[in-house]
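Heads up: the structure comes next, in structure tokens.
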2 protein chains.
Amino acid sequence: MATRSAPSPGRRQRRRQETIEEVLGIAVEIMTEQGVAGLSIGEIARRMGIRPPSLYVYFPSKNALYDALFERGAQSVLAAMEATDAFSGTDEATLEEALLDVGRAFVRWSLDHPAYSQLLWWRPVPGFQPSEQAYEPAVRLTERANAVITGLQRRGLLRPDVPAGQVYRDWTVIVSGVVSQQLANAPGEGFDQGRFTAALPEMASMFARHYGQPETASHEEGPS
Amino acid sequence: MATRSAPSPGRRQRRRQETIEEVLGIAVEIMTEQGVAGLSIGEIARRMGIRPPSLYVYFPSKNALYDALFERGAQSVLAAMEATDAFSGTDEATLEEALLDVGRAFVRWSLDHPAYSQLLWWRPVPGFQPSEQAYEPAVRLTERANAVITGLQRRGLLRPDVPAGQVYRDWTVIVSGVVSQQLANAPGEGFDQGRFTAALPEMASMFARHYGQPETASHEEGPS
DNA sequence: GTCTATATGACGATAGAC
DNA sequence: GTCTATCGTCATATAGAC
């Protein structure tokens with residue numbers, strides 16, 4: 001009898017990866033519509049035209065699926081932040097500009113990806129804890145953001161009497177407050193129309209006045 | 001045969017109310033342990049020593065239970081805020097003191113009631129929308145908080161060129177940012193040990209400097 | 001009025017046929 | 001790799017004992 005020739009390992013793996021991507025994409029769709037906790041294996045299978053057990057070939061459990069989604073989201077926000085001027089080495093911006101730059105990028109990403117935001121920044125899934133691997137991009141983001149603050153400090157743009165960690169913490173509080181208020185109270189408004197995102201510029205101005213180095217320009221403070 | 005005399009309506013209703021309170025208390029316990037979405041009718045019944053269907057005598061559905069919890073939580077936070085100096089008429093505080101007072105009270109309540117906080121400020125339950133009745137205390141809280149800002153404005157403690165609504169929005173952003181960061185990243189630390197709650201005083205100071213009326217004391221500006 | 005007993009359908013998950 | 005069959009648990013609903 002005729003035997004179908006086996007597909008090459010490369011092709012099989014590529015096809016498998018395509019299916020995994022399809023699952024993740026549909027999962028994000030469902031989470032966006034129903035909330036993160038509203039995701040169900042059955043609904044994914046229904047939309048893919050397969051039976052629920054078939055999904056267990058790609059993900060051993062629902063939490064493993066959440067883990068893959070967490071990692072994907074963390075990579076996405078990290079990439080979005082790396083693309084900002086403030087994150088890419090050449091920063092000639094003022095303190096206020098740099099703060100507004102990173103704040104805007106973070107808030108914009110969060111509102112553009114509300115499902116990922118809920119999964120990453122809140123804990124809506126009872127039993128789920130992200131694995132170390134899934135969390136790693138988020139750790140890198142924290143490190144990079146801290147490095148930005150340290151860079152501002154090195155350039156003399158920050159008050160010397162305040163530790164960089166405090167500046168990081170406080171700007172993080174403000175930015176996450178904007179995200180949290182906008183997502184909770186008016187998630188449909190988006191970044192450009194958001195009544196809370198509109199607070200960002202004034203917040204950056206206030207923050208820069210408070211934590212910025214007053215007067216003294218930072219250029220050429222070498223020995224006279 | 002002996003017939004048990006029927007309990008008086010008053011007694012019956014009191015007993016019913018006690019049971020409802022017990023259900024709500026246990027529900028809060030479970031939500032605190034497992035997260036808001038982790039609440040289940042079966043677990044409540046198990047802890048009460050009854051069968052799940054018995055609970056439907058008191059609540060017609062799980063969402064009705066969430067609704068009662070929402071209302072209870074909203075009443076609780078409203079009461080906590082009403083107890084602050086800033087909310088109770090006699091406010092002789094400075095702008096910074098008043099802001100810190102309300103911010104501290106709100107953050108403290110939120111950290112003391114993490115389950116209610118998730119239910120009230122985020123939307124962790126897929127199908128649930130609070131009823132108007134359940135939401136009413138939250139509306140009152142917003143009105144009262146806005147009135148506090150207006151009162152500060154009337155006393156001349158706020159910059160006249162900034163609308164009161166903006167001051168309300170921005171202080172809300174900061175306070176909710178503290179809550180969100182503390183609950184998401186270190187929920188066990190509590191108010192007094194919290195690494196993010198520690199940011200509140202400096203935030204109030206920064207905020208008061210930025211939005212406060214500079215110099216000019218507000219006392220006796222009548223005709224000379 | 002309050003409970004138990006019981007049933008339905010959805011869910012996450014596993015075993016095994018093909 | 002996908003299916004059917006099945007399990008245990010969940011929210012929910014109804015019937016009926018007491």
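Throughout, protein chains are lettered first and strands after them, A, B, ... in sequence-line order, and every chain is numbered starting at 1. Quick caveat, the model's predicted, so the values are computed rather than measured.
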Check: side-chain contact (heavy atoms from CB on, under 4.5 Å) between A:W109 and A:Y116: does it pass, once the steps are laid out?
Finding: CA-CA 10 Å; A:W109 182 91; A:Y116 280 137; 3.6 Å; yes
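- Salt-bridge check for A:E21 with A:R72: passed, with a basic side-chain N closer than 4.0 Å to an acidic carboxylate O.
- For DNA chain C, no neighbouring residue in residues 14-26 of chain A is found when judged by any heavy atom under 4.0 Å.
- Residue-level contact check: B:F59 touches neither bases nor backbone, having no heavy atom under 4.0 Å from any strand.
- Partners of B:F106 according to the ring-ring contact (aromatic ring centres under 6.0 Å, His included) rule, which considers only residues two or more places apart in sequence or in another chain, are B:W121.
- Looking at residues 30-52 of chain B, you'll see B:R51 sit with a heavy atom under 4.0 Å from some atom of DNA chain C.
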Before giving the answer on side-chain contact (heavy atoms from CB on, under 4.5 Å), spell out for A:E82 and A:L141 the whole-Å C-alpha distance, their side-chain angles and the decisive distance to 0.1 Å. CA-CA 9 Å; A:E82 294 281 10; A:L141 176 59; over 6 Å; no
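- A donor-acceptor pair is defined here as one N or O able to donate and one able to accept, closer than 3.5 Å; no such pair exists between the side chain of B:R47 and the backbone of B:G42.
- Where the helix from C:dG1-D:dC18 to C:dC18-D:dG1 starts and where it ends, the local axes point in directions that differ by 10°; five pairs per end, rounded to 10°.
- By the side chain to side chain donor-acceptor pair (under 3.5 Å) test, A:Q133 is found to be paired with A:E71, residues two or more places apart in sequence or in another chain being considered.
- Note on B:R46 versus B:E43: salt bridge recorded, some NZ/NE/NH1/NH2 to OD/OE distance being below 4.0 Å.
- Mapping heavy-atom proximity under 4.0 Å, the span of DNA chain D touched by chain A runs 5' to 3' from D:dG1 to D:dA5.
- A side chain to side chain contact (heavy atoms under 4.5 Å, CB included) with B:F207 is found for one member of B:V167, B:V175, B:L95 and no other, namely B:V167.
- Side chain of A:Y66 to backbone of A:V36: a donor-acceptor contact under 3.5 angstrom is found.
- Contact of the A:Q17 side chain with the A:I20 side chain is registered, since non-hydrogen atoms from C-beta on lie closer than 4.5 Å.
- The closest side-chain heavy-atom distance from A:Q129 to A:N63 is not below 4.5 Å.
- Checking A:Q181, A:Q182, A:E189 one by one against A:R195, the side chain to side chain donor-acceptor pair (under 3.5 Å) holds for a single residue, A:E189.
- Counting heavy-atom neighbours within 6.0 Å of A:Y135 OH, excluding the residue itself, gives a total of 12 or less.
- Taking atom CG on A:L55 and atom P on C:dC11, their separation rounds to 12 Å, with Å as the unit.
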